[in-house]
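Computed from a predicted structure; not experimentally measured.
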Amino acid sequence: MHPELFDLPFVHYPVRSYGAMLTLGFLTGVWLSMRRAERVKANPDVILNMGFISLICGVVGARLFFVIHYWESTFAIQPRPILAALDCTGGGMEYYGGLLFAMLGCVVYLWLAGVSMRMYLDILTPAAAWGLAFGRMGCLLNGCCWGGVCVTPQGQEVIPWGIQFPSSSFATIRQWENRQMTMPAELIVTPLGGPPFLLPDKQLNMSVTELEGPALRVRKAEESIRNLRALEAKPAEIEALKKELEAAKAALTEHDQEIAALRWAEAFPSRQDPSRGMTATELRDLAEHHRSLPVQPAQVYGIINALLLSWLLLEILYRRKRHGVVFAALCIIYPITRIVLETIRVDNPHDTAGLLTISQTVSVGMFLFGIVLLVVLYRMPERSPRAVPFVYEDEEEDRAAART
């Protein structure tokens with residue numbers, strides 16, 4: 001698990017693993033699709049345009065699908081729910097939402113462009129599975145989309161390749177909340193008037209100055225105002241300090257929201273109470289030794305599944321006799337594999353009639369759509385009437401000159 005790859009030099013802006021993997025998958029997928037377009041005499045510029053439309057529609061659709069799905073449990077309780085919904089740098093996307101919106105955007109574009117939908121969707125379809133593989137790599141680095149526990153209650157391994165996530169990971173938090181494991185008291189935060197939660201990774205890596213700085217500035221400003229009043233200072237000096245105090249309080253409020261709206265001195269006695277005697281370094285060491293129980297590497301399974309699916313779609317593309325069957329194959333095969341993978345994952349709730357996850361429900365609908373599409377395709381001409389070979393202008397001029 002490595003949510004941040006590195007910080008950009010000079011600006012110190014973190015590059016998120018999830019976003020970086022999505023970008024890498026998009027760029028390589030579009031480039032490979034353009035190469036395939038040239039190989040089958042299609043227009044690579046159409047593929048490039050479809051790629052950018054897929055990127056925009058895919059990100060919007062994936063995030064929208066996730067926000068709608070988890071609005072009540074995740075976003076509605078945030079201090080700034082709309083901003084939280086817009087922040088997708090740390091993950092939080094549903095592949096199906098992105099796929100459906102990207103498909104819709106590409107179909108509209110191809111219809112407006114007056115080119116063959118069946119042919120160009122076939123060319124781009126393997127890239128959808130290729131990009132999914134990189135998305136699952138991002139999930140692995142981000143720690144989301146994890147699998148079920150793969151050890152018995154007695155501690156015996158069910159499989160030898162189970163993976164463990166850090167103490168602050170989604171998997172550890174869920175296991176601790178479900179009482180599948182215990183955590184040391186030093187890593188548990190018990191806020192005043194709120195439920196306990198595990199110490200987040202971001203706060204584990206904060207320095208004492210970062211943790212206490214905003215609150216310390218407020219206390220200093222308040223103390224300075226009291227001293228000036230005791231000395232009967234000029235009102236203008238006191239007003240200037242009051243403005244400084246308001247700015248410090250605003251910074252503290254923002255800081256508190258960032259750390260789950262808590263005051264550090266009250267919420268983290270392990271940093272304040274000498275009886276517990278834990279330094280930040282000791283807390284990090286303690287957290288390192290209390291990772292999640294071994295879980296199924298569902299993200300790795302997803303990567304393998306996506307790569308195999310991309311390869312299979314490519315084989316169908318180069319051997320097909322009928323336009324559109326590659327896209328139909330994706331609509332039929334991927335839902336089957338997704339339903340199986342959802343039985344391994346434990347991050348998604350079974351919120352459809354208490355039996356299926358939302359992804360399994362969409363999979364059923366997509367599978368039926370793929371079957372209907374395949375039947376329709378076999379009632380249509382093998383080749384799309386709009387599937388004409390693309391020739392660059394200079395090549396046409398050379399051919400015309402050769403004929404004359």
Side-chain angles (χ1 to χ4, degrees), residues 2-5 8 13-34 45-71 73-75 78 80-113 120-121 123-145 170 299 302-303 305-306 309-310 327 330-331 334-335 338 345 347-348 357-359 362-363 366:
H2 198 68
E4 296 181 3
L5 289 180
L8 291 176
Y13 185 82
V15 175
R16 304 281 184 177
S17 302
Y18 190 82
M21 290 297 103
L22 288 182
T23 302
L24 185 59
F26 164 74
L27 293 176
T28 55
V30 171
W31 180 76
L32 291 171
S33 297
M34 293 176 68
D45 289 340
V46 173
I47 295 295
L48 181 62
N49 293 338
M50 290 175 65
F52 281 106
I53 291 171
S54 297
L55 175 64
I56 297 171
C57 294
V59 171
V60 172
R63 186 60 175 179
L64 182 62
F65 200 92
F66 181 85
V67 170
I68 293 174
H69 188 197
Y70 293 102
W71 175 259
S73 62
T74 303
F75 298 98
Q78 296 289 335
R80 300 174 183 175
I82 301 301
L83 292 180
L86 294 175
D87 181 17
C88 55
T89 56
M93 294 188 180
E94 293 272 6
Y95 177 72
Y96 265 134
L99 179 62
L100 295 176
F101 269 63
M103 285 166 47
L104 179 61
C106 287
V107 166
V108 172
Y109 163 73
L110 293 171
W111 176 69
L112 293 175
Y120 282 101
L121 285 176
I123 295 172
L124 193 61
T125 291
W130 176 263
L132 175 61
F134 283 85
R136 291 296 177 234
M137 293 177 196
C139 292
L140 180 62
L141 293 172
N142 194 51
C144 57
C145 306
F170 301 116
Q299 306 95 328
I303 294 170
N305 172 65
L309 180 57
S310 181
F327 178 67
L330 172 68
C331 295
Y334 177 69
R338 182 60 185 267
R345 289 171 53 174
D347 59 310
N348 283 333
T357 67
I358 186 65
S359 296
V362 176
S363 293
M366 189 172 181

Donor-acceptor pairs under 3.5 angstrom involving side-chain atoms of residues 55-62: please list them, not counting sequence neighbours.
none

Show me the donor-acceptor pairs within less than 3.5 Å that the side chains of residues 123-136 make with the rest of the protein, sequence neighbours left out.
{"residue": "Thr125", "atom": "OG1", "partner": "Leu121", "partner atom": "O", "Å": "2.5"}
{"residue": "Trp130", "atom": "NE1", "partner": "Thr28", "partner atom": "OG1", "Å": "2.8"}

Worksheet entry | Residues forming a ring pair (Phe, Tyr, Trp, His ring centres under 6.0 Å) with Tyr95, sequence neighbours excluded | Tyr334
Worksheet item: Counting N and O atoms only, with roles assigned by atom type, does the side chain of Glu94 sit under 3.5 Å from a partner on the main chain of Arg63, one being a donor and the other an acceptor?
Response: no
Response to the item:
dist Ile47:CD1 -> Leu32:CG (nearest 0.5 Å) comes out at 11.5 Å
Practice prompt. List in chain and number order the residues that pass side-chain hydrogen bond (donor to acceptor under 3.5 Å, both in side chains) with Ser363, two or more places apart in sequence or in another chain; answer none if no residue qualifies.
Written response: Tyr96
Discussion item. Once side-chain contact (heavy atoms from CB on, under 4.5 Å) is applied, do any residues pair with Asp347, and if so which ones, sequence neighbours excluded?
Written reply: Cys145, Trp146, Arg345
Worksheet entry | Atom pair CE/CG of Met21 and Leu141 - distance to nearest 0.5 Å | 6.0 Å
Response to the item:
side-chain hydrogen bond (donor to acceptor under 3.5 Å, both in side chains) filter on Ser33, not counting sequence neighbours, yields Arg36
Practice prompt. Can you measure from CD (Gln299) to CG (Asn142) and round to the nearest 0.5 angstrom?
Written response: 9.5 Å
Fill in: Residues which pass salt bridge (Lys or Arg N to Asp or Glu O under 4.0 Å) with Arg338, listed by chain and number, not counting sequence neighbours
Glu342
Response to the item:
Sorted by chain and number, sequence neighbours left out, side-chain contact (heavy atoms from CB on, under 4.5 Å) with Tyr109 holds for Val46, Asn49, Met50, Ile53, Ala113
Discussion item. Apply side chain to side chain contact (heavy atoms under 4.5 Å, CB included) to residues Phe66 and Trp71 and explain how you reach the verdict.
Written reply: CA-CA 8 Å; Phe66 181 85; Trp71 175 259; over 6 Å; no
Discussion item. Going by the rule side-chain contact (heavy atoms from CB on, under 4.5 Å), which residues pair with Leu104 if we only count those two or more places apart in sequence or in a different chain?
Written reply: Val108
Item to complete: First locate atom CG of Leu99, then atom CZ of Phe65, and finally report the distance between them rounded to the nearest 0.5 Å.
Response: 10.5 Å
Worksheet entry | Whether Ser17 side chain and His2 backbone form a donor-acceptor pair below 3.5 Å | yes
Discussion item. Tell me every residue that passes side-chain contact (heavy atoms from CB on, under 4.5 Å) with Leu64, counting only those two or more places apart in sequence or in another chain.
Written reply: Ile68, Phe101
